[in-house]
Amino acid sequence: MQWSTTRFQIDLSAPRVMGIVNVTPDSFSDGGRHADAPAALRHCERLLKEGADILDIGGESTRPGSPPVPLAEELARVLPVLREAVRLGVPVSVDTYKPGVMQAALDLGADIVNDVWALRQPGAAEAVARHGACGVCLMHMHGDPRTMQSAPMAGDAVPQVLLFLEQSAQNLRRLEVEKTRIVLDPGIGFGKTVAQNFALLARQDELLAAGYPLLAGWSRKSSIGAALQGDAPVPPAAAERVAGSVAAALMAVERGARIVRVHDVRETVQALAVWRQVRAQARR
Ligand code: HH2
(Lines give C-alpha, C1' and ligand atoms only; values in the text may rest on other atoms or scores of the structure.)
Protein backbone atom coordinates (compact mmCIF):
# COMPACT_ATOMS: atom_id res chain seq x y z
CA MET A 1 0.00 0.00 0.00
CA GLN A 2 1.41 3.40 -1.01
CA TRP A 3 0.33 7.03 -0.56
CA SER A 4 0.95 8.92 -3.81
CA THR A 5 2.08 12.46 -3.09
CA THR A 6 3.69 15.21 -5.14
CA ARG A 7 7.29 13.97 -4.91
CA PHE A 8 7.12 10.80 -2.83
CA GLN A 9 5.37 7.45 -3.00
CA ILE A 10 5.05 6.88 0.73
CA ASP A 11 5.31 3.20 1.56
CA LEU A 12 2.55 2.40 4.04
CA SER A 13 3.48 -1.23 4.52
CA ALA A 14 5.05 0.06 7.74
CA PRO A 15 3.29 2.67 9.90
CA ARG A 16 4.46 6.24 9.29
CA VAL A 17 4.87 9.05 11.78
CA MET A 18 3.68 12.53 10.80
CA GLY A 19 5.33 15.16 13.01
CA ILE A 20 3.24 18.23 13.88
CA VAL A 21 4.68 21.70 13.27
CA ASN A 22 2.25 24.38 14.45
CA VAL A 23 3.36 27.84 13.28
CA THR A 24 0.73 29.45 15.50
CA PRO A 25 0.58 31.56 18.65
CA ASP A 26 -2.38 29.61 20.06
CA SER A 27 -2.36 25.86 19.29
CA PHE A 28 -3.79 23.87 22.17
CA SER A 29 -0.63 22.04 23.12
CA ASP A 30 2.33 23.90 21.68
CA GLY A 31 0.97 27.33 20.72
CA GLY A 32 3.68 29.98 20.48
CA ARG A 33 6.60 27.55 20.73
CA HIS A 34 7.38 27.53 17.01
CA ALA A 35 5.52 30.67 15.98
CA ASP A 36 8.23 32.21 13.79
CA ALA A 37 9.86 30.63 10.76
CA PRO A 38 13.34 30.00 12.23
CA ALA A 39 11.86 28.33 15.34
CA ALA A 40 9.47 26.27 13.21
CA LEU A 41 12.33 25.13 10.97
CA ARG A 42 14.43 24.15 13.95
CA HIS A 43 11.45 22.14 15.13
CA CYS A 44 11.14 20.46 11.68
CA GLU A 45 14.80 19.45 11.87
CA ARG A 46 14.40 18.14 15.39
CA LEU A 47 11.36 16.04 14.43
CA LEU A 48 13.27 14.56 11.51
CA LYS A 49 16.18 13.61 13.77
CA GLU A 50 13.68 11.94 16.06
CA GLY A 51 12.40 9.83 13.17
CA ALA A 52 9.43 11.65 11.63
CA ASP A 53 8.52 10.35 8.16
CA ILE A 54 6.31 13.31 7.21
CA LEU A 55 6.14 16.93 8.43
CA ASP A 56 2.73 18.55 8.82
CA ILE A 57 2.91 22.34 8.87
CA GLY A 58 -0.09 24.40 9.95
CA GLY A 59 -0.74 28.10 10.51
CA GLU A 60 -4.20 28.12 12.10
CA SER A 61 -5.22 26.44 15.34
CA THR A 62 -8.35 24.29 15.26
CA ARG A 63 -8.68 24.13 19.02
CA PRO A 64 -12.27 24.60 20.21
CA GLY A 65 -13.24 28.27 20.05
CA SER A 66 -10.19 29.34 18.05
CA PRO A 67 -10.69 32.43 15.89
CA PRO A 68 -10.30 32.05 12.11
CA VAL A 69 -7.00 33.40 10.78
CA PRO A 70 -7.18 35.70 7.71
CA LEU A 71 -5.70 34.26 4.51
CA ALA A 72 -2.83 36.78 4.36
CA GLU A 73 -1.84 36.02 7.95
CA GLU A 74 -1.89 32.25 7.43
CA LEU A 75 0.20 32.61 4.26
CA ALA A 76 2.70 34.79 6.13
CA ARG A 77 3.00 32.13 8.84
CA VAL A 78 3.36 28.98 6.77
CA LEU A 79 4.98 29.89 3.44
CA PRO A 80 8.45 30.83 4.81
CA VAL A 81 8.49 27.52 6.69
CA LEU A 82 7.22 25.44 3.77
CA ARG A 83 9.74 27.02 1.39
CA GLU A 84 12.60 25.61 3.48
CA ALA A 85 10.88 22.44 4.70
CA VAL A 86 10.47 21.09 1.16
CA ARG A 87 14.28 20.95 0.98
CA LEU A 88 14.60 18.60 3.95
CA GLY A 89 14.15 15.40 1.92
CA VAL A 90 10.84 14.17 3.39
CA PRO A 91 7.22 14.61 2.38
CA VAL A 92 5.80 17.91 3.59
CA SER A 93 2.11 18.36 4.31
CA VAL A 94 0.21 21.62 4.76
CA ASP A 95 -2.54 21.60 7.38
CA THR A 96 -5.10 24.04 6.03
CA TYR A 97 -8.70 24.31 4.85
CA LYS A 98 -8.16 27.43 2.75
CA PRO A 99 -7.81 26.86 -1.00
CA GLY A 100 -5.55 29.93 -1.25
CA VAL A 101 -3.09 28.41 1.22
CA MET A 102 -3.32 25.00 -0.48
CA GLN A 103 -2.52 26.54 -3.85
CA ALA A 104 0.41 28.59 -2.57
CA ALA A 105 1.82 25.62 -0.65
CA LEU A 106 1.49 23.32 -3.66
CA ASP A 107 3.18 25.98 -5.81
CA LEU A 108 6.14 25.80 -3.39
CA GLY A 109 6.29 22.02 -3.82
CA ALA A 110 4.30 20.76 -0.82
CA ASP A 111 3.50 17.06 -1.09
CA ILE A 112 0.25 16.68 0.83
CA VAL A 113 -2.84 18.74 1.69
CA ASN A 114 -4.18 17.86 5.15
CA ASP A 115 -7.64 19.37 5.57
CA VAL A 116 -9.69 19.11 8.76
CA TRP A 117 -12.69 20.28 6.67
CA ALA A 118 -12.20 17.43 4.15
CA LEU A 119 -12.09 19.93 1.26
CA ARG A 120 -15.58 21.28 1.97
CA GLN A 121 -14.58 24.94 1.57
CA PRO A 122 -15.47 26.25 -1.92
CA GLY A 123 -12.56 25.73 -4.31
CA ALA A 124 -10.57 23.40 -2.04
CA ALA A 125 -11.36 20.12 -3.81
CA GLU A 126 -10.67 21.79 -7.16
CA ALA A 127 -7.27 23.05 -5.95
CA VAL A 128 -6.27 19.49 -5.02
CA ALA A 129 -7.73 17.97 -8.19
CA ARG A 130 -6.10 20.58 -10.43
CA HIS A 131 -2.68 19.89 -8.97
CA GLY A 132 -2.89 16.34 -10.24
CA ALA A 133 -0.36 14.69 -7.93
CA CYS A 134 -0.44 15.84 -4.31
CA GLY A 135 -1.55 13.53 -1.55
CA VAL A 136 -4.60 14.51 0.49
CA CYS A 137 -5.88 13.69 3.96
CA LEU A 138 -9.65 14.05 4.39
CA MET A 139 -10.69 14.42 8.03
CA HIS A 140 -14.11 14.16 9.65
CA MET A 141 -15.28 17.11 11.73
CA HIS A 142 -18.73 17.59 13.20
CA GLY A 143 -19.76 21.26 13.31
CA ASP A 144 -16.93 23.78 13.25
CA PRO A 145 -14.17 24.70 15.70
CA ARG A 146 -16.33 27.42 17.29
CA THR A 147 -19.21 25.08 18.14
CA MET A 148 -17.87 21.55 18.06
CA GLN A 149 -17.38 21.07 21.79
CA SER A 150 -20.67 22.64 22.84
CA ALA A 151 -22.71 20.62 20.33
CA PRO A 152 -20.99 17.27 19.72
CA MET A 153 -22.39 14.52 17.51
CA ALA A 154 -25.34 12.46 18.69
CA GLY A 155 -25.59 8.67 18.57
CA ASP A 156 -23.13 6.11 17.32
CA ALA A 157 -20.27 8.08 15.77
CA VAL A 158 -18.66 5.18 13.94
CA PRO A 159 -21.14 4.65 11.06
CA GLN A 160 -21.65 8.41 10.71
CA VAL A 161 -17.93 9.07 10.42
CA LEU A 162 -17.54 6.17 8.00
CA LEU A 163 -20.33 7.48 5.75
CA PHE A 164 -18.92 11.00 5.78
CA LEU A 165 -15.41 9.80 4.92
CA GLU A 166 -16.68 7.52 2.14
CA GLN A 167 -18.68 10.35 0.61
CA SER A 168 -15.80 12.81 0.90
CA ALA A 169 -13.51 10.38 -0.91
CA GLN A 170 -16.14 9.72 -3.58
CA ASN A 171 -16.59 13.45 -4.19
CA LEU A 172 -12.88 13.76 -4.80
CA ARG A 173 -12.77 10.66 -7.00
CA ARG A 174 -15.46 12.30 -9.14
CA LEU A 175 -12.94 15.08 -9.82
CA GLU A 176 -10.61 12.35 -11.10
CA VAL A 177 -8.30 12.29 -8.12
CA GLU A 178 -6.73 8.84 -8.01
CA LYS A 179 -7.53 6.64 -5.07
CA THR A 180 -3.86 6.24 -4.15
CA ARG A 181 -3.64 9.98 -3.36
CA ILE A 182 -6.31 9.80 -0.64
CA VAL A 183 -5.99 9.05 3.09
CA LEU A 184 -8.90 9.26 5.56
CA ASP A 185 -8.95 10.42 9.19
CA PRO A 186 -11.79 10.05 11.74
CA GLY A 187 -10.90 13.44 13.28
CA ILE A 188 -10.38 12.58 16.92
CA GLY A 189 -11.79 15.34 19.14
CA PHE A 190 -13.51 17.28 16.38
CA GLY A 191 -17.11 17.51 17.62
CA LYS A 192 -17.14 14.11 19.33
CA THR A 193 -17.60 13.13 22.95
CA VAL A 194 -14.85 11.31 24.82
CA ALA A 195 -16.81 8.05 24.52
CA GLN A 196 -17.32 8.58 20.78
CA ASN A 197 -13.59 9.20 20.29
CA PHE A 198 -12.69 5.99 22.08
CA ALA A 199 -15.38 4.09 20.15
CA LEU A 200 -13.68 5.29 16.95
CA LEU A 201 -10.47 3.67 18.20
CA ALA A 202 -12.04 0.51 19.60
CA ARG A 203 -13.95 -0.05 16.33
CA GLN A 204 -11.42 1.42 13.92
CA ASP A 205 -11.72 -1.74 11.79
CA GLU A 206 -15.18 -0.51 10.72
CA LEU A 207 -13.56 2.62 9.24
CA LEU A 208 -11.04 0.51 7.34
CA ALA A 209 -14.00 -0.87 5.40
CA ALA A 210 -13.91 2.36 3.34
CA GLY A 211 -10.86 0.88 1.62
CA TYR A 212 -8.45 3.79 2.17
CA PRO A 213 -5.42 4.11 4.45
CA LEU A 214 -6.30 5.67 7.80
CA LEU A 215 -4.49 8.46 9.63
CA ALA A 216 -5.05 8.81 13.39
CA GLY A 217 -4.47 12.01 15.35
CA TRP A 218 -4.70 11.34 19.08
CA SER A 219 -1.72 13.38 20.15
CA ARG A 220 -2.28 15.17 23.48
CA LYS A 221 -6.01 15.56 22.75
CA SER A 222 -8.59 16.23 25.43
CA SER A 223 -9.87 12.63 25.31
CA ILE A 224 -6.42 11.52 26.43
CA GLY A 225 -6.62 14.16 29.17
CA ALA A 226 -10.04 12.81 30.20
CA ALA A 227 -8.71 9.26 30.37
CA LEU A 228 -5.81 10.38 32.56
CA GLN A 229 -7.77 12.69 34.86
CA GLY A 230 -8.93 10.13 37.41
CA ASP A 231 -10.09 11.94 40.56
CA ALA A 232 -8.11 15.12 39.85
CA PRO A 233 -10.15 18.35 39.58
CA VAL A 234 -8.76 19.08 36.11
CA PRO A 235 -7.18 16.92 33.41
CA PRO A 236 -3.40 16.99 33.02
CA ALA A 237 -2.03 19.76 30.79
CA ALA A 238 -1.45 18.83 27.14
CA ALA A 239 2.30 18.40 27.60
CA GLU A 240 1.63 15.88 30.39
CA ARG A 241 -0.35 13.57 28.11
CA VAL A 242 2.58 12.08 26.20
CA ALA A 243 2.48 8.47 27.44
CA GLY A 244 -1.30 8.34 27.04
CA SER A 245 -0.95 9.71 23.51
CA VAL A 246 1.68 7.15 22.59
CA ALA A 247 -0.58 4.37 23.89
CA ALA A 248 -3.44 5.61 21.70
CA ALA A 249 -1.18 5.93 18.65
CA LEU A 250 0.07 2.40 19.17
CA MET A 251 -3.44 1.01 19.52
CA ALA A 252 -4.48 2.88 16.39
CA VAL A 253 -1.60 1.28 14.49
CA GLU A 254 -2.40 -2.15 15.95
CA ARG A 255 -5.96 -1.68 14.68
CA GLY A 256 -4.80 -0.79 11.18
CA ALA A 257 -3.97 2.94 11.03
CA ARG A 258 -1.10 3.60 8.59
CA ILE A 259 -0.10 7.10 9.70
CA VAL A 260 -0.10 8.66 13.15
CA ARG A 261 -0.01 12.45 13.52
CA VAL A 262 1.93 13.28 16.67
CA HIS A 263 3.72 16.00 18.62
CA ASP A 264 6.00 13.53 20.44
CA VAL A 265 7.87 11.92 17.59
CA ARG A 266 10.73 10.37 19.56
CA GLU A 267 8.43 8.56 22.00
CA THR A 268 6.08 7.37 19.25
CA VAL A 269 8.93 6.10 17.08
CA GLN A 270 10.25 4.11 20.07
CA ALA A 271 6.86 2.55 20.73
CA LEU A 272 6.49 1.61 17.07
CA ALA A 273 9.95 0.03 17.03
CA VAL A 274 8.82 -2.34 19.77
CA TRP A 275 5.52 -2.95 17.98
CA ARG A 276 7.45 -3.88 14.82
CA GLN A 277 9.55 -6.46 16.67
CA VAL A 278 6.43 -8.12 18.01
CA ARG A 279 4.81 -8.08 14.57
CA ALA A 280 7.85 -9.64 12.97
CA GLN A 281 7.67 -12.59 15.34
CA ALA A 282 3.91 -12.98 15.04
CA ARG A 283 4.14 -13.50 11.29
CA ARG A 284 6.45 -16.55 11.54
N1 HH2 B 1 -5.78 17.53 14.68
C2 HH2 B 1 -5.41 18.82 14.78
C3 HH2 B 1 -5.05 19.54 13.65
N4 HH2 B 1 -5.00 18.96 12.43
N5 HH2 B 1 -5.29 17.05 11.08
C6 HH2 B 1 -5.63 15.75 10.96
N7 HH2 B 1 -5.58 15.15 9.76
N8 HH2 B 1 -6.01 15.01 12.06
C9 HH2 B 1 -6.09 15.54 13.30
O10 HH2 B 1 -6.48 14.82 14.25
C11 HH2 B 1 -5.75 16.92 13.45
C12 HH2 B 1 -5.33 17.65 12.31
C13 HH2 B 1 -5.40 19.47 16.11
O14 HH2 B 1 -4.16 19.28 16.74
P15 HH2 B 1 -2.98 20.36 16.77
O16 HH2 B 1 -2.51 20.66 15.38
O17 HH2 B 1 -1.93 19.94 17.69
O18 HH2 B 1 -3.64 21.62 17.45
P19 HH2 B 1 -4.14 23.02 16.90
O20 HH2 B 1 -5.22 22.74 15.91
O21 HH2 B 1 -4.63 23.74 18.13
O22 HH2 B 1 -2.99 23.70 16.22
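Both counts, for ligands and for their atoms, begin at 1 and track the order of listing. No experiment lies behind these values; they were computed from the predicted model shown.
- The heavy-atom pair separating Leu41 from Pro80 by the smallest distance is CD1-O, 4.5 Å.
- Among protein heavy atoms, atom 6 (C) of ligand 1 sits closest to Asp185 OD2, 3.1 Å.
- Looking from atom 17 (O) of ligand 1 to the surrounding protein, the closest heavy atom is His263 NE2, 2.8 Å.
- Proximity to Asn114 (heavy-atom distance under 4.0 Å) selects the following atoms of ligand 1: 5 (N), 6 (C), 7 (N).
- Using a distance-only test at 3.5 Å, with no hydrogens or angles considered, a donor-acceptor pair links the side chain of Gln160 to the main chain of Asp156.
- Panel note: side chain Arg63, backbone Phe28; no donor-acceptor pair is recorded below 3.5 Å.
- Between the side chains of Ser13 and Asp11, at least one donor N or O lies within less than 3.5 Å of an accepting N or O.
- Judged by distance alone, the side chain of Arg16 and the main-chain N or O of Ile54 form no donor-acceptor pair under 3.5 Å.
- No donor-acceptor distance shorter than 3.5 angstrom exists from the side chain of Asn197 to the backbone of Ile188, with no hydrogens or angles considered.
- Only side-chain heavy atoms of Asn22 come within less than 4.0 Å of ligand 1; its backbone N, CA, C and O stay farther off.
- For the pair Arg220 and ligand 1, no heavy-atom separation below 4.0 Å is found.
- Nearest to atom 21 (O) of ligand 1 among the protein's heavy atoms is Ser61 OG, 2.7 Å.
- Residue-ligand proximity, Ser27 to ligand 1, at heavy-atom distances under 4.0 Å covers atoms 19 (P), 21 (O), 22 (O).
- The shortest heavy-atom distance from Trp218 to ligand 1 is not under 4.0 Å.
- The shortest N or O to N or O distance between Phe28 and ligand 1 is under 3.5 Å.
- Atom 10 (O) of ligand 1 has Lys221 NZ, 2.6 Å as its closest protein atom, hydrogens excluded (heavy atom only).
- The main-chain N or O of Pro70 is never found under 3.5 Å from a side-chain atom of Glu60 such that the two would form a donor-acceptor pair.
- Residue-ligand proximity: Cys137 is placed with a non-hydrogen atom under 4.0 Å from ligand 1.
- Counting atoms of ligand 1 from 1 in the listed order, those under 4.0 Å from a heavy atom of Asp95 are 3 (C), 4 (N), 12 (C).
- Using modelled atom types, one side-chain atom of Lys98 and one backbone atom of Val69 make a donor-acceptor pair closer than 3.5 Å.
- The protein heavy atom nearest to atom 16 (O) of ligand 1 is Arg261 NH2, 2.9 Å.
- If you number the atoms of ligand 1 from 1 as listed, the ones under 4.0 Å from a heavy atom of Arg63 come out as 20 (O), 21 (O).
- Residues passing the ring-ring contact (aromatic ring centres under 6.0 Å, His included) test with Phe198 are Trp218, sequence neighbours excluded.
- Near Val116, the atoms of ligand 1 lying under 4.0 angstrom from a non-hydrogen atom of the residue are 4 (N), 5 (N), 12 (C).
- Side-chain atoms of Ser219 never come within 3.5 Å of backbone atoms of Arg261 as a donor-acceptor pair (strictly under, hydrogens ignored).
- Closest to atom 13 (C) of ligand 1, if we only count protein heavy atoms, is Thr62 OG1, 3.5 Å.
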